[in-house]
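Atoms considered below: every heavy atom in the structure, side chains included; atoms not considered: hydrogens, waters and symmetry mates. On a predicted model such as this, the values are computed, not experimentally measured, just so you know.
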Amino acid sequence: MTERKRTPWVVGVSGASGTPYAASVIRGLLAAGESVDLVVSRAARLTLLDETGIAFRDAHWRGDLAEWLARGADGKPGAFAASDGDVRYWAAGDLAAGPSSGSYPAKGMLIVPASTACVAGVALGLSKDLLQRVASVTLKERRRLVVAVRETPLSGQTLKQLVALDEAGAVVLPASPAFYAGATHIQDLVDFVAGRVLDAAGVPHGLYRRWEGELGGAYRSREASGG
């Protein structure tokens, strides 16, 4: 196994709707020169197939990932250039994988999107698959854990579990797009959420227009772009 130049971020993709969020986050990490360890849950594969038509396979993960990252939020292929960067993939059922141990170097973990089942598993420390195990390791090692929960409405039980994650040190980040950035396309809304995930991780990016204290800026931005 070749030595990596940078300590990786673990990106966990659970079965909630919102696989374009994960693709945008991964593209943003790679664009920033970050290394990525990727874990895709079994449920996430079904969601990815439903939302993009891509069957994510362990034996062909590089090609499947490249196809996924090239798709826009509207599902059109070839919307983005091929992403080139340091990505290592770990099967969700591989509980002996590197990131399952606290001695494995990692900057932290970004769970995007996070389903309510994933939230419950992490909050309760179940570690039923590699994604949940890595999240537990991230918390116990006091590394940054960002949980981009994607569900609505939220039940009282899920709210309690999100509070438990917050108290354990995680950043609870609802996948809630904003409109002040001047969005003119669905991709803009997706990139806003992905950008906020990267903000929480301290990773620089240019995914969305930041608020600068100027009322009407979003409207003028849309007008200037012809949106």
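- Using a 4.5 Å heavy-atom threshold, the side chains of Leu29 and Leu110 count as touching.
- One finds the CG atom of Asp94 at 12.5 Å from the CZ atom of Arg133 (value rounded to the nearest 0.5 Å).
- Tyr208 pairs in a side chain to side chain donor-acceptor pair (under 3.5 Å) with only one of the listed residues (Asp188, Asp191, Asp199), which is Asp199.
- Side-chain atoms of Gln187 never come within 3.5 Å of backbone atoms of Asp74 as a donor-acceptor pair (strictly under, hydrogens ignored).
- No more than 12 heavy atoms of other residues, nucleotides or ligands sit less than 6.0 Å from atom NZ of Lys160.
- With rounding to the nearest 0.5 Å, the separation of CZ in Arg45 from OG1 in Thr19 is 14.0 Å.
- To the nearest 0.5 Å, the span separating OG on Ser176 from CG on Leu189 amounts to 10.5 Å.
- The closest side-chain heavy-atom distance from Ser24 to Phe192 is not below 4.5 Å.
- The shortest non-hydrogen separation linking Ser14 to Cys118 is CB-CB, 3.9 Å.
- Looking at Val137 and Tyr104, their side chains never come closer than 4.5 Å, going by heavy atoms from C-beta outward.
- Of the N and O atoms on the side chains of Tyr89 and Asp64, not one donor lies less than 3.5 Å from an acceptor on the other residue.
- For the pair Leu46 and Arg42, the minimum side-chain heavy-atom distance is 4.5 Å or more.
- A heavy-atom distance below 4.5 Å is not found between the side chains of Ser41 and Val13.
- With a 4.5 Å cut-off on side-chain heavy atoms, Phe56 and Leu65 count as touching.
- Tested against Pro20, the residues Val190, Val25, Ile186 include a single side-chain contact (heavy atoms from CB on, under 4.5 Å) partner, Val190.
- Looking at every heavy atom in both residues, Thr7 comes nearest to Lys107 through O-CE, 3.3 Å.
- When side chains are defined from C-beta on, Trp9 counts as touching Val203, because their heavy atoms get closer than 4.5 Å.
- Distance CG/Leu145 to CG/Leu139: 5.0 Å, rounded to 0.5 Å.
- Geometric assessment of Arg27 against the ring of Phe80 yields a positive cation-pi assignment under the 6.0 Å and 45° thresholds.
- By the 4.0 Å N-to-carboxylate-O rule, Asp86 lies too far from Arg6 to be salt-bridged with it.
- The local environment of CZ in Arg142 is sparse, with at most 12 non-hydrogen atoms from other residues, nucleotides or ligands closer than 6.0 Å.
- Taking 4.5 Å as the limit, some side-chain heavy atom of Ile26 sits within range of a side-chain heavy atom of Leu38.
- Pairing each heavy atom of Ala135 with each of Ile111, the nearest pair is CB-CD1, 4.1 Å.
- Nearest heavy-atom pair, Thr47 versus Ser17, reported as atom, atom and distance to 0.1 Å: CG2-CA, 3.8 Å.
- Here Leu173 contributes atom CG and Arg196 contributes atom CZ; the two are 6.5 Å apart, rounded to the nearest 0.5 Å.
- For the residue pair Pro113 and Ala16, the shortest heavy atom distance occurs at CG-O, 3.4 Å.
- Between Arg4 atom CZ and Asp37 atom CG the span is 4.5 Å, to the nearest 0.5 Å.
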